[in-house]
Every structure is written in C-alpha cells, then in structure tokens.
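Here the structure is laid out as structure tokens; the discussion comes afterwards.
Only a predicted model underlies this, so the values are computations on that prediction, with no experimental measurement involved.
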Amino acid sequence: MYGFWKPRVLGAWRVPASGPVILAVNHSHNIDGPMVMGTAPRPVHFLIKKEAFVGPLGAFLEGIGQLGVDRTSADRAAIGNALAVLEHGGVLGIFPEGTRGDGDFASLRAGLAYFAVRSGAPIVPVAVLGSTEKPGRLVKALPRLRSGVDVVFGDAFEAGDGSGRRTRKALDDATVRIQEQLTAHLKNARRLTGR
C-alpha cells in the first residue's frame with residue numbers, strides 16, 4: 001500500500017496488542033480492505049465475498065489467511081472460520097454494511113453484532129477515507145497513484161451489554177450500540193482528517 005499510495009495512519013496504537021479483536025471497517029472502495037491489511041499493527045483476517053476467490057487471486061487470498069463467505073445464505077463454514085480466528089486470539093476484519101457503498105455505516109447487517117456478542121471480542125472501528133476522491137488516470141477503478149488515503153483506528157469498545165445473553169433482542173440492541181459507536185467514530189475521523 002505504501003508503494004502505490006500515501007497512507008496516513010492515525011490511532012493504530014488503539015488496536016489491542018494481543019487477544020481477539022474485530023476491526024469494523026467502512027467500505028466505499030475495493031482498496032479499503034487491502035489498505036487496512038497493509039497498515040494495521042496486527043495481521044487481519046477479513047471476511048471477503050467468495051466471488052473474489054478465483055484463479056491466482058483466490059490462491060493469494062487464501063495464502064494470506066483471508067476467509068471466503070457466501071453472502072447469499074448463512075455460510076456456516078465461514079462463520080466457524082471467523083469464530084476460530086477470534087478463539088485463537090486473532091484479528092477479524094469485517095465490513096459491517098456487507099458490501100461496498102457510501103462507507104457511512106448507515107445500514108449495518110447483523111453479522112458484526114453476532115461475532116462480537118458470541119466471542120466477547122472488542123470492536124475497533126476503522127475509517128478509511130480518501131480512497132474514492134481521486135480516480136486513477138490509467139486505471140479508473142483505483143485511486144490515483146501516490147494519492148493520500150487516511151486510515152483512522154478508533155477506541156475499542158464492547159458490543160454486548162455485559163449480560164452474556166445471545167438472544168435476538170440482545171443482538172438487535174448490540175447492533176444499535178455498534179452503529180452509534182461506528183457513526184461517531186466516522187464523524188470524528190472526518191474531523192481529524194479534514195475529509
């Protein structure tokens with residue numbers, strides 16, 4: 001990432017140095033995941049749509065520990081693999097909106113709350129800003145080479161209410177808490193970076 005663009009990383013020290021953690025990343029461009037993987041202080045295992053796991057790219061993604069997920073159904077294998085990352089004290093990366101969009105955390109899917117409540121792992125919000133501002137001259141699908149991209153890590157927080165409950169209501173309540181935290185972090189990241 002540092003070879004092609006100029007990432008500015010803020011708050012990486014907020015990622016716990018050990019133990020399970022979930023990075024909740026906004027998603028507005030294809031490079032957001034690779035940018036976080038390249039700038040995070042610990043190795044990250046992202047849940048990535050299974051359609052990306054084709055040919056040499058698929059072998060590469062598997063080789064660096066990324067997890068394929070079928071977004072059309074409840075993919076039990078992917079869920080088990082993601083929970084195993086957390087059980088082994090690893091870092092799980094999730095795009096809580098489920099797909100690329102405005103990157104504003106406006107509509108969260110329930111997966112993030114499920115993993116956080118089930119594992120008890122803290123969530124670190126991550127805002128990637130600037131990846132959509134300047135399209136490349138030769139490859140319009142990528143940001144302009146050597147353009148700046150900001151990666152802002154927020155304070156870790158617990159999604160659960162401390163009761164240990166995993167009911168539908170507990171997950172719904174956790175999703176509301178998560179959305180509030182992620183939205184506040186994104187607002188703060190935009191203020192800090194001027195984006």
Side-chain angles (χ1 to χ4, degrees), residues 1-101 103 109 111-112 114-116 118-119 121-132 136 139 141-154 156 182:
M1 292 295 110
Y2 288 94
F4 293 112
W5 296 283
K6 294 189 291 189
R8 178 173 55 165
V9 181
L10 303 173
W13 56 270
R14 292 183 169 116
V15 177
S18 62
V21 66
I22 300 170
L23 300 184
V25 184
N26 69 324
H27 194 25
S28 58
H29 198 283
N30 282 335
I31 70 156
D32 295 340
M35 188 63 69
V36 172
M37 282 185 246
T39 60
R42 294 174 59 191
V44 182
H45 304 273
F46 266 98
L47 281 170
I48 301 172
K49 62 183 179 181
K50 72 174 185 173
E51 296 86 0
F53 287 78
V54 294
L57 178 59
F60 174 73
L61 290 172
E62 287 177 7
I64 62 171
Q66 305 314 303
L67 311 171
V69 62
D70 182 353
R71 298 179 302 167
T72 63
S73 65
D75 186 341
R76 293 193 182 277
I79 292 168
N81 291 336
L83 288 172
V85 166
L86 296 170
E87 287 167 6
H88 291 98
V91 180
L92 180 65
I94 295 181
F95 298 115
E97 296 168 292
T99 188
R100 205 172 40 243
R109 300 178 110 188
L112 174 56
Y114 173 80
F115 289 121
R118 171 86 189 267
S119 69
I123 297 172
V124 173
V126 184
V128 180
L129 303 170
S131 57
T132 60
V139 182
L142 293 174
R144 183 174 296 152
L145 291 178
R146 305 302 300 150
S147 63
V149 177
D150 293 324
V151 181
V152 185
F153 294 87
L182 298 183

- So does Phe4 have more than 12 non-hydrogen atoms from other groups sitting under 6.0 Å from CZ? no

- Item | Steps toward side chain to side chain contact (heavy atoms under 4.5 Å, CB included) verdict (Phe153, Trp13) | CA-CA 8 Å; Phe153 294 87; Trp13 56 270; over 6 Å; no

Kindly give the heavy-atom pair with the smallest separation between [X] and [Y], and that separation in Å.
X     : Y      : answer
Val91 : Leu23  : CG1-CG, 3.7 Å
Leu92 : Val85  : N-CG1, 4.2 Å
Met35 : Thr39  : O-OG1, 2.8 Å
Leu61 : Ala52  : CD1-O, 3.9 Å
Ala12 : Pro41  : O-CG, 3.5 Å
Pro20 : Pro122 : O-CD, 3.3 Å

- Under the side chain to side chain contact (heavy atoms under 4.5 Å, CB included) criterion, do Tyr114 and Leu83 qualify, and how do the steps go? CA-CA 10 Å; Tyr114 173 80; Leu83 288 172; 4.2 Å; yes

- Query: Got a donor-acceptor contact below 3.5 angstrom from the Arg14 side chain to the Val152 backbone?
  - Reply: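 Checked: no pair found.
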
Could you state the interatomic distance from [atom1] ([X]) to [atom2] ([Y]), rounded to the nearest 0.5 Å?
X     : Y      : atom1 : atom2 : value
Arg42 : Met37  : CZ    : CE    : 15.5 Å
Asp70 : Lys49  : CG    : NZ    : 12.5 Å
Arg8  : Leu129 : CZ    : CG    : 9.5 Å

- Where do Trp5 and Ile31 land on the side chain to side chain contact (heavy atoms under 4.5 Å, CB included) test, with the steps shown first? CA-CA 11 Å; Trp5 296 283; Ile31 70 156; 4.0 Å; yes

- Message: Given Ile94, which partner from the list Ile22, Val44, Ile123, Val25 fulfils the side-chain contact (heavy atoms from CB on, under 4.5 Å) test?
- Response: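 So, applying the side-chain contact (heavy atoms from CB on, under 4.5 Å) to Ile94 and each of Ile22, Val44, Ile123, Val25, only Ile22 qualifies.
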
- side chain to side chain contact (heavy atoms under 4.5 Å, CB included) between Phe95 and Leu112: does it pass, once the steps are laid out? CA-CA 8 Å; Phe95 298 115; Leu112 174 56; over 6 Å; no

